[in-house]
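All remarks here apply to the structure that follows.
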Amino acid sequence: MKKSRPHFPRIKPIAYAGPSATTALAFRHYNPDELVDGKKMSAHLRFSIAYWHSFRGTGADPFGPGTIQRPWEKGTDPVSIALTRLDAAFEFCQKIRAPFWAFHDRDIAPEGRSLAESNRNLDRIVAHAKDLQRATGVKLLWGTANLFSNPRYMCGAATNPDAHVFAYAAAQVKKALDVTKQLGGENYVFWGGREGYETLLNTNLKREQAHLAAFLHLAVDYAKSIGFKGQFLIEPKPKEPTKHQYDFDVASGIAFLRTHGLEKHFKFNIETNHATLAGHTFNHEIEVAAAQGMLGSIDANSGDLLLGWDTDQFNTDVKELTLAMVSILRAGGLGTGGFNFDAKLRRPSIDPEDLFHAHIGGMDAYALAFKLARKILADGKFESFVSDRYASYDSGYGRAIAKRRTNFRELNKLVLGKLGEPKPRSGKQEYLENLLNTYLHG
Ligand code: XLS
Ligand code: NI
Ligand code: NI
């Protein structure tokens, strides 16, 4: 493979310079090579670059066209442009020190006039991606299929009222699974782009949900048949682009998977901005998934609480991330998952250098949160407060309740007898919030 000219010639690989770094193009907290519990920090955090935002995003919004023009987007042949763009992306992953990337099929290769042509385009790009992965050591966190941009999917893919569209989506996902496997993808994501409805006046909700379940079962079967071992992930989102998406949040995702016998095959890819759109905190969604052993991966971004859509911003909110990290570490980490920056530059952030500032900010905020969360867990103050709060369930009749070895009659007897009225005990929220601040701000 011939080495291409650098696409970010003025930028050297980003180095760790510590909290007192004097340059902006340096990490203050993310030190990829630092050993933490015998493992490099980069292996704990498993950062990933989202191809669609960072290499296909143009800054376009409903009110105007793109503002971002990259120097490598030149020429007329879409496949050659796609190949050069991939070179730029891998150079970026290396320079930003991200060990992983993630893509949709149609981000990396142009869609052709037929599925066969689209597949041929994809094969050419994937062959190049394989070479680049080998040359740089950057690995694939997950692959996915774009089942929402092409007009054929305007009424959904697996939930489309037309079985022809379902079949097309199946063929597309078959290929996306093939290429994800070829590239050693560690996961495969299902985000239900337009799997939802705009109006119940034209929708059979029950049938659509059953079709979605059928689609996921067929995907599980196909993955098994080709020996794809990656983890399947559902990415919940309550709305946008449809008014109501079926994979609304983690709780409804769990109910859906269980209802249709899919729970063994899926975990969750939790996106911060989707959590807040669903009226939850990021931390809440992580806890709900972790409670069922279904925490898979994170789409790392942030919304704007004043706006009702998926703004996909880089997250620099150390408090929010520290709370999330405490839950993630307590759950035993993300396994084959990682932190994928499903985040985009703001429309006026047009310099290639802005891609670096954005990711440095996100990676540093996560790394700092990781360190703070480790300290919080090592100190164990919150843990012991919480376990103490539930201690009455550890012995006696409380334990019998937890083990379901009692009944209403017995409990009734106890309350009427020696127990009497419960003694209220403070929840100490303010004390705990202050305690949290001692970690965040000293
Ligand atoms: C959109 C989703 C999307 C998925 C991948 O809101 O976040 O980017 O992560 O299809
Ligand atoms: Ni996402
Ligand atoms: Ni999103």
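All of these numbers come straight from a predicted model, not from anything done at the bench. In each ligand, atom 1 is the first atom listed, and ligand 1 is the first ligand listed.
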Is the terminal nitrogen or CZ of R374 (NZ for Lys, CZ for Arg) located under 6.0 angstrom from the six-membered ring centre of F370 and within 45° of that ring's axis? yes

Between D61 and R346, does any side-chain N to carboxylate O distance fall below 4.0 Å? no

Parallel under 30°, tilted from 30 to 60°, perpendicular over 60°: which one fits the rings of F8 and F356? perpendicular

Is the shortest distance from a heavy atom of V189 to ligand 1 less than 4.0 Å? no

Is the ring pair Y366/F341 parallel, tilted or perpendicular, if the boundaries are 30 and 60 degrees? perpendicular

Only N/O/S atoms count here: what is the atom of D299 closest to the Ni ion (ligand 2) called? OD2

The Ni ion (ligand 2) to nearest N/O/S of D342 below 2.8 Å: yes

In the protein, what heavy atom is nearest to atom 5 (C) of ligand 1, and what distance, to one decimal place, separates them? H104 NE2, 3.2 Å

Starting from atom 2 (C) of ligand 1, find the nearest protein heavy-atom neighbour and note its residue, name and distance. E235 OE2, 3.2 Å

Report the name of the N/O/S atom of E235 located nearest to the Ni ion (ligand 2). OE2

Closest to atom 8 (O) of ligand 1 among protein heavy atoms sits D342 OD2, 3.0 Å

K224/D221 salt bridge by N-O under 4.0 Å criterion: no

When you check the gap from the basic side-chain N to the acidic O, do D310 and K237 get nearer than 4.0 Å? yes

Please work out, at 4.0 Å between heavy atoms, whether the side chain, the backbone, both, or neither of D312 comes within that distance of ligand 1. neither

Could you tell me whether any N, O or S atom belonging to E271 is less than 2.8 Å from the Ni ion (ligand 3)? yes

Give the contacting part of E271 toward ligand 1: side chain, backbone, both or neither, where contact means a heavy-atom distance below 4.0 Å. side chain

Between CG on residue N340 and CD1 on residue I49, distance to nearest 0.5 Å: 8.0 Å

Please determine if W191 has a nitrogen or oxygen closer than 3.5 Å to a nitrogen or oxygen of ligand 1. no

Do any heavy atoms of H274 fall under 4.0 Å from ligand 1? yes

Identify whether NZ of Lys or CZ of Arg in R70 sits under 6.0 Å from the centre of the six-membered ring of F55 and within 45° of that ring's axis. no

Do S114 and E117 get their side chains close enough for a donor-acceptor pair, meaning under 3.5 Å? no

Is there a polar contact, in the sense of an N or O pair closer than 3.5 Å, between N269 and ligand 1? no

